[in-house]
Amino acid sequence: MLGDGSLERLKREGRIVVVGASLAGLRAAETLRAEGFEGSLTMIGDEPHEPYDRPPLSKQVLLGRAAADRTALPRLRSVDATWRLGVPATGLDMAAGRVRLADGDEVPYDRLLIATGVRARAWPREAEAELDGVFVLRTRDDSAALARRLEEGPKRVLVIGAGFTGSEIASACRERGLAVTVAERGAAPLVGALGGVVGAVAAEMQREHGVDLRCGVMVTALEGDASGRVRAAHLSDGSTVETDIVIVSLGAIRNTEWLAGSGLGAGPRGIACDAGCRAFDIRGIVTDDIYAAGDVARSPHPLFGYQFLSLEHWGNAASQARIAAHNMISESTDRIPHMEVPAFWSSQFGVNIKSVGVPSLGTEVLISQGALRDHRFIGVYGYQGRVIGAVAFDQARWLPFYQELIETTAAFPPPFPTVDRRSDGQRPVDADFPDPSVPTHGPTVTLGGYSPADRRMTFTPAH
Amino acid sequence: MTQSLLHQILDYANRANPYPLYEELRKRPVHHDDGGPYVVSTYYEIRSLLHDPRISSDVRNLASTAGDPLAEPAQEEESTLPPGFLRLDPPEHDRLRRMTNRPFGPPHSPHRVDGMRGELRDIVSGLIDGIGDPGRMDLVEQFSYPFPVTVICRLLGVPREDESRFHTWADTLAASLDPDPDADPTERGKGAHDARMQLGMYLAGLIEERRRNPGDDMLSQLATATGEDGSMTTMELLSTAALLLIAGHETTVNLITNGMLTLLRHPDVLQRLREDPQLAVPVVEELLRFEPPVQLVPQRTTLADIEVRGVTIPKGASLWLVLASGNRDPQRFEDPDRFDPDRRDNQHLGLGSGIHSCFGAPLARLEAQLALSELARRLENPRLLEDPPPYRQNAVLRGPRHLHISCDGIRP
Ligand SMILES: Cc1cc2nc3c(=O)[nH]c(=O)nc-3n(C[C@H](O)[C@H](O)[C@H](O)COP(=O)(O)OP(=O)(O)OC[C@H]3O[C@@H](n4cnc5c(N)ncnc54)[C@H](O)[C@@H]3O)c2cc1C
């Protein structure tokens, strides 16, 4: 392609299609225009709404401080695109360069960006999942419906799963004065992302704020009343929780089913792509016209031993989108890799939680500043003698420093004193992550096969 | 020579335009001469050191200051008050700053600063109304100085009838931060000491009064707070109030004065601001980059050996972070010596960064925005009578001592 003018032609009159019209899709479209793409741009999204922001959905919206329909993402520039909203893409023909839509249309592309994200994992027993009062929280509509129901003042709310979303929901409910039970299969909230040492702090926060937190248990069944409204949940320890709202927060499933049989390397763990966001086909060969970004992408990170990371982080989606868009319309020599250090934030029970790097890759944790008991501290995660992640509870201003330690593969444990003399002994301890082979919350669902013929979903109940 | 470079920066002769010297300085991102402080002048290095937990602001850790030309002589009266949170490390710093923030900003008092908008406007109008002869005014004396002190009085809840006494003490204390080579140091030291004593006694009385009859002001709320952090002792309250007074006012004076000076040197921007008061927001942001009121942060100490760009700053060293130089670092800002309110991604260091980043930033920004847009609107055809104006001695808190301007009239 070098120097033969085809790139110029692409930029002038090419066709770029973006599937998934949310954060990653929008930021990519903006970057394309900012970098001089003048051709046709089509944005395909299965939701009927223009791109909106998800983090407020489990925070401000549930608190009644923002309306779910007022969370539109700010537009950084005009993108002048054809919007196909409310229509899912249903298939991809790589050879012909076409995306099939549910309404029967086909959209041809010269470059394709896949940014279809993830969806909430539903309660696995379908009949129970359909009971009135059982919710998941991923979309604007989910959040609006849930906020309305919370407004009515339910007697009790049950949250299944204490990951970030579940914990944020519990926090919002408590702030509204609602009685909340949280059922978590693991030993503590947030344990999968941050380990048991920090998870214990999260557990303390929940209990201090009046959450009826139950760890090491599973919800085995949901029970409805005669009118089809949920009324109780049964737990693996034999207990029953009477509740009129159940929020299922069991993590997410990547939206890749529509790519089944396309020949693209897409599956339940996401779309594998290179550090430049170019997707692999099923043979492991990189494509040159198909890119992936955001929650649906899985890409190797040089800083983390080239492991393929899939991240459900806002910042990751925004930055990958920019990189994918840039690379799509650049000569190979001008392409840039996605090397950003992962970063994530959450806010719950009045505490601002931020992480950098990949704490869950760590085996040990050192509280380098602050104190666990104050719920204000920095935990540094170590892996094989180097710093691999850090988390801050109400200490976010220090994080850039720890990010630098991660970027420069600094030694763990860090060999220096810090300004905070009170830190917990400056000795690393086992970070206490659960055995990775045992899922922390909920059952595991895996999709098998890539061709439509052997497509199947395997449900492994949690036990 | 390097030795002279540092001294040149402190040399009053270069006060009006220190930027060429900073440019020299940046040729060596970490500058060190025997016995002197380690001086860091480039953007990325400063920013990273501002977030470095191996760097202490605690006076008790302060490196031996021999050779540091900015080191403060041990001040006797300092010992009467514990240090404000600006000179403390976590966890004490965090606790005091957090408690002070409760009545000042989000999440507990999200409207405090914005709620003062109307009052600030009135103060600004009143000061401009009182200017008198438009043919020759000193913007510093008549406007930029009284404005922030009046604001801090209202914020703390100093009764109107006491404001003038408060102004006098504040002026004396502010002057003591600004060594005047011509004044008799013992005389000045005594004046400052007396002012501090009187101010301290006055505030202590006010705190007692507020404990009995709390109002809606910050001092009442600080005096009566009983949260998860407990409450402040009277001594802590006094030093916090003193910190708010001094830090909040010395900087805003310079921000506004430097601002007007810069606008008068860029009449096109002044004209745009006159037509569109909204422009005040990016104008003030660019001012904080271009002419930051706090030029450098001294008084930091390393708790460990720290490597910066190949130079090891040893444990216990005294450190200067030259914010104003980082703000003009061409590695970070395109065309850094240009005053450009349309600049994008203006992440300057003018208000610091990290846990000690300017506590009063939202208020300082609002004060400067209101002041500059009103001055632009009301002063008819303003001109500088002296350029450069006479500067104050202080190299750290840099700004004109007077700003004499004239205009054709003052619009209503
Ligand atoms: C409640 C909640 C709170 C969060 N809070 C935080 C937080 O505090 N901090 C943080 O860092 N991150 C947070 N996140 C994560 C963050 O929102 C995501 O990382 C981000 O939205 C990812 O953007 P994306 O564009 O990759 O995917 P998505 O936002 O999931 O967008 C994908 C879009 O593609 C659509 N789509 C799927 N399949 C198809 C198809 N076949 N055809 C057409 N369209 C399709 C989807 O419906 C969706 O609109 C939160 C997420 C949720 C749900």
Side-chain angles (χ1 to χ4, degrees), chain A residues 34 59-60 63 65 76-77 171 175 204-205 208-209 347-352 354 356 366-380 387 390 392-408 410-411 413-424 426, chain B residues 44-62 85 87-95 97-98 101-102 106-108 110 227-230 300-309 312-316 319 344-345 347 349 351-359:
Chain A
K59 308 175 183 79
Q60 291 89 331
L63 287 169
R65 293 210 190 111
L76 306 180
R77 56 167 294 130
S171 164
E175 210 170 309
E204 224 170 77
M205 277 162 40
E208 271 174 20
H209 283 84
S347 127
Q348 44 189 280
F349 305 101
V351 172
N352 170 268
K354 262 184 149 176
V356 290
L366 168 87
I367 304 307
S368 64
Q369 292 180 249
L372 290 170
R373 67 175 175 280
D374 294 345
H375 307 169
R376 286 195 195 91
F377 61 89
I378 286 175
V380 189
V387 177
F393 274 46
D394 271 350
Q395 292 280 316
R397 285 173 196 264
W398 293 111
L399 271 194
F401 172 77
Y402 292 93
Q403 178 167 335
E404 232 173 271
L405 294 186
I406 297 165
E407 282 167 0
T408 53
F416 47 77
T418 67
V419 284
D420 195 331
R421 277 126 196 269
R422 182 197 38 166
S423 350
D424 290 359
Q426 299 276 8
Chain B
Y44 291 105
E45 285 66 33
I46 294 172
R47 198 186 53 177
S48 113
L49 291 169
L50 285 169
H51 291 270
D52 195 317
R54 296 168 296 180
I55 291 176
S56 171
S57 302
D58 192 323
V59 279
R60 290 164 291 185
N61 287 328
L62 212 58
F85 58 75
R87 308 288 298 277
L88 289 173
D89 285 341
E92 295 99 324
H93 162 275
D94 293 7
R95 173 177 162 269
R97 180 165 167 141
R98 206 157 49 225
N101 196 55
R102 271 180 174 256
H108 300 283
E228 49 167 332
D229 289 306
R300 301 247 168 143
T301 306
T302 46
L303 299 178
D305 290 358
I306 296 176
E307 205 208 281
V308 179
R309 285 267 204 115
T312 300
I313 305 178
K315 175 177 170 169
L319 197 62
R344 307 192 89 186
D345 186 27
Q347 303 277 329
L349 300 169
L351 299 167
S353 190
I355 63 163
H356 293 286
S357 71
C358 176
F359 176 83

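Chain A is the first sequence line, chain B the second, and so forth, proteins listed ahead of strands; every chain is numbered from 1. In what follows, every heavy atom counts, from backbone to side chain, and hydrogens, waters and symmetry copies are set aside. Treat the numbers as computed from the prediction; the structure is a model and nothing was measured.
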A.B. asks: Taking all heavy atoms of A:Glu404 and all of B:Ser48, pick out the closest pair and write down the distance.
C.D. replies: OE1-CB, 3.2 Å

A.B. asks: Is it the side chain or the backbone of B:Ile55 that comes within 4.5 Å of chain A heavy atoms, both, or neither?
C.D. replies: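 Contact with chain A involves the backbone of B:Ile55 alone.
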
A.B. asks: Is any side-chain heavy atom of B:Asp94 less than 4.5 Å from a side-chain heavy atom of A:Gln395?
C.D. replies: yes

A.B. asks: Under a 4.5 Å heavy-atom cut-off, does chain A meet the side chain of B:Arg47, its backbone, both or neither?
C.D. replies: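 No part of it gets close to chain A.
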
A.B. asks: Output, in order, the C-alpha distance, side-chain angles, deciding distance and verdict of side chain to side chain contact (heavy atoms under 4.5 Å, CB included) for B:His51 and A:Leu399.
C.D. replies: CA-CA 8 Å; B:His51 291 270; A:Leu399 271 194; over 6 Å; no

A.B. asks: Quick one: salt bridge (Lys or Arg N to Asp or Glu O under 4.0 Å) partners of B:Glu92, sequence neighbours excluded?
C.D. replies: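 B:Glu92: salt bridge (Lys or Arg N to Asp or Glu O under 4.0 Å) contacts with B:Arg60.
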
A.B. asks: Decide yes or no for A:His375 and B:Glu228: does some side-chain heavy atom of the first lie under 4.5 Å from some side-chain heavy atom of the second?
C.D. replies: no

A.B. asks: Would you find more than 12 non-hydrogen atoms of other residues, nucleotides or ligands less than 6.0 Å from A:Lys354 atom NZ?
C.D. replies: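 No, because the 6.0 Å sphere around NZ of A:Lys354 holds 12 heavy atoms or fewer from other groups.
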
A.B. asks: If you compare all heavy atoms of A:Arg397 against all heavy atoms of B:Gly354, which two are closest, and at what distance to 0.1 Å?
C.D. replies: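 Minimum heavy-atom separation between A:Arg397 and B:Gly354: NH1-O, 3.0 Å.
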
A.B. asks: Within this structure, what is the CZ-CG distance for the pair B:Arg95 and A:Asp374, rounded to the nearest 0.5 Å?
C.D. replies: 11.5 Å

A.B. asks: Would one find more than 12 heavy atoms of other residues, nucleotides or ligands at under 6.0 Å from atom CZ of B:Arg344?
C.D. replies: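 Not buried by this count: 12 neighbours or fewer within 6.0 Å.
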
A.B. asks: Is the shortest side-chain heavy-atom distance between A:Phe401 and B:Pro53 below 4.5 Å?
C.D. replies: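 Yes, at least one pair of side-chain atoms sits under 4.5 Å.
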
A.B. asks: A side-chain contact here means heavy atoms from C-beta on lying under 4.5 Å apart; do A:Phe416 and B:Leu303 qualify?
C.D. replies: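 A:Phe416 vs B:Leu303: side chains apart.
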
